[in-house]
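All chains are named by letter (A, B, ...) in the order of the sequence lines, taking the proteins before the strands, and each is independently numbered beginning at 1.
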Amino acid sequence: MAERVLVCEDDEHVRELLAYRLETDGYDVVAIDDGEDCWERLEGADELPDGLVLDLMLPGLDGFGILSRLRDHDDLEELPVVMVTGRGLERDVVRGFELGADDYVTKPFSPSEVSARLGRLVR
Amino acid sequence: MNALGSAFVAIVAATAVVGALALVVSILLARFDRRRERARPRLVEELFARLDRPDPNWSGWVGELSLTERFVLRRLLARYLRQLRGRERDRLVDLAEALGVGDRAVDLLASRTVTSRLRGLIWLTLLERDVPTERLRERCTDHPATRAGAARLLSVAGGPDAARDGTSLLLWSGEERLSVFGLDTLYRLNRRDATPLLAHADAEATWWSEGLVVQTLTVLAHCQATERTDRFAWLPALLDHDSPQVRATALSAFARQGWRRELRERVDAERALADPEPAVRTAAYELFGKWGDGESVDWLRYGVYNDPDDRARLAAARTLRRVGGLESVTDGTGQPDEAVARTVAWAGAERRTPRRVATGWT
Amino acid sequence: MDVAAGVSTALWLASWFFVLYFALVNGSYLLIHLVSIAVLAGNVRDWLIEPAYEPHNSPFLPGISVVVPAYNEEVTIVETVRSLRNLEYGNYDLVVVNDGSTDATLDVLVESFDLEPIEAPVPVDLPCEEVRGVYQSPRIDLVVIDKENGGKADALNAGVFFTDQPLFCAVDADTVIERGALLEVAEPFLRDPDRTIATGGAVRVANGCSIGRGVVREVGLSRNRLANLQVVEYLRAFLSGRIGLSGIGGLLIISGAFGLFRTSAVREVGGYSTDTITEDMELIVRLHREFAGEDYRIEFVPYPVVWTEVPASRAVLARQRGRWFRGMVETLWIHRRMIGNPNYGVIGLVALPFFLLVETIGPLIEGVGYLLVPIAFLLGILNAPFFLLFLGIAVGIGTLLSWLSVLNEVVSFRRYRNPRDIARLLGYGLVEHVPYRQWKSWIAWVAVVRYLRGEGGWGEMIRVGFDQ
């Protein structure tokens, strides 16, 4: 069965392309644009996704916020997370890893690479 | 009295025209919006499908598209080319070329208006098109914005001399201060090897405007430089410059290069800490924080005890906390006075130290 | 007989005076509007140009403190902070200043964001009322300064002197900032880091827009007519007035709801003044005064937007406008020596006289004119062409100005995309003339009388949460 991936990214273009790339690579993708929505889906989910691709600057709740809530949550602690973000300064990358990101990809990014990095974590 | 009447008529007529125009334009634009929104999903679907084909046949596809569809596609590309790299990006660059975007951008360079040339430069940068440096010099040196745009283009697509040529463009006038975009470009051109920047500064910094000197030092504070230390010969004199801003940023530049003993020895710590300007002393504390050796920690402690300015003292205390020496202040000999105690208490109690911000701004 | 003739001559002369004054007022506005069109035509393409780099990835992006003064905002403050946390800017923190609220503003903040007190007094001087405590989040860049009540300016000062960031952004606790707006309003600072000392963005009317999770989802007009009248006013003020004044280097107001400042510049001039009720305008005038002769920029940027809830009832609107008017009079009085003073360049010779004659005295004279000229016409003292001229200048040019602003909106910023909304805005530009304008004159008169009598007293605005 295909692994399920939640993509949370507010830029419409990037979200569509990421979703397309992950789908063609065999994932079952749900793509959303709002951080609060993302958290609600994860927290109340009957069936958890196998991985999360997360933008940093999001409406509702930002990527770091989601990440730190995930790591404080018993069921979601282990969920693999790949951050994909425009903020690539050292302090942001360090912060991302500190908060428990499994991988951190800086824009400009390669969708194929994100897919490959995600594959390493969830497959 | 007839004149009064016709003035009235003229006013009413002008008002009516403006109102009608607003309404008509809004209707036309709304219609255009709808057409674009309808076109988008189909285009995106087709675009993605072709991305993965061995031969996407972009020019064939582009030939079938309406004007609206091409417009939508150009907007899409402008977004994608900023955000992507790798295989998908290469494919999209081919699409942009099939759309004629690159050639049009080259033509725009010939325009007389700055805005058009800037737009051309932005597209060329997004496409990473190699444009001969000669051509850029010919077309883009008359305005700081186009010089920065041209330097950016060189930084992404230029040949082996890109760093040198781009840096020259940015530091062209020796007078104009750079935008943040210009600063960032100067940084990208010099971050791994600051030779071009150092060479310029070495030869020209004495007649540059003060603002530009500060900016150059700010950039240098972020660059790695492995050059011979004599390239830095112009730098120590700036520690005694009349302008406190120059003194402060010169210290920041030294902070970054301080892993080399010869350069470290050029900084007179005592003198920096005796500087009358709090901003200079604050820069010195940052420098000690970066160097972080025993002697630097001692200087930081000295600053916490003796700095007369509340904010500068706080900067010293925060830095000291970061390098792990704050406790030593309170359990040391002598009773710190009230202001020092307050500063130390605060720096120790903060839950998050504020991130330091780029120098050159305050 | 002689008395009647005398009265009629006086009325005739007075009518001419009013018509000429209307011509001066509306003529100045028209001129400023023409400048704004020129600025827009010249700059709109520049503004849309996005340099080919990722500013959030640049180490040179200046840090910004977003300072939010909060007084009894328990209903909205959490939502406001949440929405401010999601701005698209790579390097900023939030400083909320609880200005001695009597409600649970502080508690809801501490509760919602897991804030912890810093167990030490602030080690730098904050020129404001006594600070009771500082709370900080261990996880996010949020600080709450809890202080005794001292008014909005005092609360802003606490933030301005507390922050370490080179820039600070003052926002109202009850506004919604568009996510990209902070970067956009910082644009003049990025373009010209050395010279720029203050920039401001546009304020628009949130009533009638659908807002969810701190983001404006859909822009539209309200069912409340009073709110929609204010939409037209805000378009006029921001899309032509401020663009035009900024274009000639004469910007005097950056709205307190959304302005970005160089921290050191504001500290240098002593921070916000607590002696006036429109501290936002007074600060800008003071910056112009202190920086006169230096090479500095204060700019208005029209495309970043904050949305604010405007009063939907006449009583509240009357208090707000009375307050603004009084603040303007106070500011002009404080800086009266700058008016007409060539040492202050465009500010002294154009902008301040404009504010005195047009913005301040204008509405007062207008109010009398609206009353007197029609009476004179009905009494037969004025002939029809003269009265038509009056209508043309007062109502015709007035409408023209509103409609030009709507046109500016249509051809450039386009927050209102539905042609039906545009048609309604045009309609409101017309119906505004009776009785809204006369009512505003009345408010201005009341404010002046109260100011001269030395009376204070303007109520708080009662707010409901955005999501309700």
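- For a residue to count as touching a neighbouring chain, one of its non-hydrogen atoms must lie under 4.5 Å from one of that chain's; by this rule A:Thr106 touches chain C with the side chain only.
- The neighbour count for A:Glu78 CD, taken as heavy atoms of other residues, nucleotides or ligands under 6.0 Å away, does not exceed 12.
- With a 6.0 Å radius and a threshold of 12 heavy atoms from other residues, nucleotides or ligands, A:Glu77 has its CD atom above the threshold.
- Residue contact with chain C, scored on non-hydrogen atoms closer than 4.5 Å, is absent for A:Asp55.
- Looking at C:Ser58, the atoms closer than 4.5 Å to chain A (heavy atoms on both sides) all sit in the backbone: N, CA, C or O.
- When each of A:Leu58, A:Asp62, A:Leu61 is checked for heavy-atom pairs under 4.5 Å with chain C, A:Leu58 comes out on top.
- Between chain A and the options C:Glu54, C:Arg82, C:Arg139, heavy-atom pairs under 4.5 Å are most frequent for C:Arg139.
- No more than 12 heavy atoms of other residues, nucleotides or ligands lie within 6.0 Å of CZ in C:Arg420, so this atom counts as exposed by the packing criterion.
- Using a 4.5 Å cut-off on side-chain heavy atoms (C-beta onward), C:His56 and A:Thr85 make no contact.
- Contact annotation for A:Leu56: neither backbone nor side-chain heavy atoms come within less than 4.5 Å of a heavy atom of chain C.
- In the displayed structure, C:Glu111 atom CD is contacted under 6.0 Å by at most 12 heavy atoms of other residues, nucleotides or ligands.
- Contact between C:Pro59 and A:Leu89 at its shortest, heavy atoms only, is N-CD2, 3.9 Å.
- Ion pair A:Asp34/C:Arg217 flagged as a salt bridge, since at least one NZ, NE, NH1 or NH2 atom sits closer than 4.0 Å to an Asp/Glu carboxylate oxygen.
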- Task: Begin from the C-alpha positions of C:Asn57 and A:Lys107 and carry the test side-chain contact (heavy atoms from CB on, under 4.5 Å) through to its verdict.
- Result: CA-CA 9 Å; C:Asn57 233 340; A:Lys107 292 173 192 170; over 6 Å; no
